[in-house]
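Heavy atoms only: backbone and side chains are in, while hydrogens, waters and symmetry mates are out.
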Amino acid sequence: TDHGRALFEHARAIFALERIAIEDIRDRVELRHGRLRIGASTTVAAYWLPQQLGPFMRRHPQLATELIVGNTEQVSRAVVDCAVDIGYVEGAVEDPRIAVRHWRDEPLRLIAAADSALGARRRPSIAELSRQTWLLREPGSGTRQAAQSLFAARGIAPERTVEIGSNEAIARAVAAGAGIALLPATVVADLILMQRVRPIALGEDDALSRPLYRLELANRPRAPALQAFLAQESEV
């Protein structure tokens, strides 16, 4: 029943908090022992977090550091279940149990194969964009949310979509002529430089971006390892 499901969600959170409280006590030994578990969506894990994780791991080699990668929905669930200490995601999260903070903004690029007819056009029409095959991430992905927001804002109605579960795989499929896609600029920078794909302008206001978010379980005390990681983040 609805009441039973609601009780189950609260009970699971209570037991997860009990488990994490025991782990936090064990970790409070001047960071000589402990573990930091970070959940991150794919682009954040591949392109944004490594520059922060490297120095942190060198500074605290005694800590067990784990990076769990999934889409926005999977990372937010891991935060609620206390399977990770903190999450970094590309998509919007609306869950009263999660404290959501803006982390940074990430540029986006709409790309087509460099040798395609669309790639050769400076600013294709909405009708032309609608006729294209759009390569999209799976439901629950922040990159998919960004594409769907673009459709709604520009009135684009794709005639065909293809779902691919990796931004890098989508970028290379675009280069091979499989369709077009909206992807993080960091993912496609090398392909643009090698002239395998071409960015498509949407107009004078074509500087597309999306916010990235930091997630923590509301009212959960920060373990010492997480406090140290966030202190370093403010230094970067």
Side-chain angles (χ1 to χ4, degrees), residues 40-54 67 69-75 88-92 102-126 128-213 236:
S41 48
T42 53
T43 303
V44 177
Y47 297 94
W48 294 110
L49 280 180
Q51 60 189 346
Q52 186 175 338
L53 270 176
L67 178 60
V69 183
N71 62 32
T72 295
E73 183 177 328
Q74 292 165 338
V75 172
Y88 294 88
V89 298
E90 308 154 7
H102 176 265
W103 185 46
R104 66 176 69 195
D105 291 312
E106 178 177 57
L108 300 171
R109 295 288 183 272
L110 177 61
I111 59 168
D115 58 355
S116 68
L118 189 69
R121 295 186 63 83
R122 177 59 182 163
R123 286 188 174 90
S125 67
I126 297 301
E128 287 175 304
L129 291 172
S130 296
R131 286 194 294 268
Q132 304 303 309
T133 297
W134 284 76
L135 309 184
L136 303 175
R137 285 286 303 277
E138 75 284 353
S141 162
T143 302
R144 186 186 182 104
Q145 286 182 17
Q148 291 173 329
S149 295
L150 176 68
F151 298 159
R154 305 282 179 148
I156 300 170
E159 293 183 358
R160 183 179 182 226
T161 61
V162 175
E163 187 177 301
I164 300 177
S166 161
N167 287 343
E168 288 75 11
I170 289 176
R172 281 154 181 75
V174 170
I180 66 174
L182 182 69
L183 291 171
T186 52
V187 174
V188 301
D190 289 346
L191 291 175
I192 292 175
L193 186 63
M194 293 185 292
Q195 299 184 347
R196 295 183 59 193
V197 302
R198 183 174 298 179
I200 301 171
L202 295 174
E204 294 181 358
D205 58 341
D206 63 349
L208 301 173
S209 66
R210 66 176 175 188
L212 303 180
Y213 300 98
V236 176

task = Using the test salt bridge (charged side-chain N to carboxylate O under 4.0 Å, His left out), find all partners of Glu163 that sit at least two apart in sequence or belong to another chain.
result =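 Only Arg144 meet the salt bridge (charged side-chain N to carboxylate O under 4.0 Å, His left out) criterion with Glu163.
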Validation row: [X], [Y] side chains within 4.5 angstrom (heavy atoms):
X	Y	result
Leu212	Val89	no
Ile180	Thr133	no
Phe151	Pro158	yes
Val174	Leu191	no
Ile126	Arg154	yes
Ile192	Pro199	yes
Leu183	Ile111	yes
Trp134	Val162	no

Sequence neighbours excluded, every pair satisfying salt bridge (charged side-chain N to carboxylate O under 4.0 Å, His left out) that has a member inside residues 166-176 =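 Sorted result for residues 166-176: empty, none.
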Quick check for you: to the nearest 0.5 Å, what is the distance between [X] atom [atom1] and [Y] atom [atom2]?
X	Y	atom1	atom2	answer
Arg137	Ile170	CZ	CD1	6.5 Å
Thr161	Glu159	OG1	CD	11.5 Å
Leu150	Leu208	CG	CG	6.0 Å

Which pair of heavy atoms, one from [X] and one from [Y], lies closest together, and at what distance?
X	Y	value
Ala40	Leu67	CB-CD1, 3.9 Å
Ser41	Val75	N-CG2, 3.9 Å
Ala173	Leu135	CB-CD1, 3.6 Å
Pro124	Leu129	CG-CD2, 3.8 Å

key: Worked check of side chain to side chain contact (heavy atoms under 4.5 Å, CB included) between Leu118 and Gln132   = CA-CA 9 Å; Leu118 189 69; Gln132 304 303 309; 3.7 Å; yes
task = Could you please spell out the steps behind the side chain to side chain contact (heavy atoms under 4.5 Å, CB included) verdict for Leu110 and Leu202?
result = CA-CA 8 Å; Leu110 177 61; Leu202 295 174; 3.6 Å; yes
Got a sec, which residues hit side chain to side chain donor-acceptor pair (under 3.5 Å) with [X], two or more places apart in sequence or on another chain?
X	answer
Glu138	Asn71
Tyr88	Glu233
Arg210	Glu90, Glu106, Thr143

query = Trp103 and Val44: side chain to side chain contact (heavy atoms under 4.5 Å, CB included), yes or no, with the steps?
reply = CA-CA 11 Å; Trp103 185 46; Val44 177; 3.7 Å; yes
request  = Could you tell me whether the side chains of Arg198 and Ser116 share a donor-acceptor contact shorter than 3.5 Å?
outcome  =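 Result is no, nothing qualifies.
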message = Could you tell me if Ser209 and Asp105 have a donor-acceptor pair between their side chains, going purely by distance under 3.5 Å?
response =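 No - no donor-acceptor pair under 3.5 Å links their side chains.
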key: ring-ring contact (aromatic ring centres under 6.0 Å, His included) against Trp48, all qualifying residues, sequence neighbours excluded   =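 ring-ring contact (aromatic ring centres under 6.0 Å, His included) list for Trp48, sorted by chain: empty.
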ask   = Would you find a donor on one side and an acceptor on the other, under 3.5 Å apart, between the side chain of Ser166 and the backbone of Ala169?
value =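 Pair found, side chain donor or acceptor close to backbone of Ala169.
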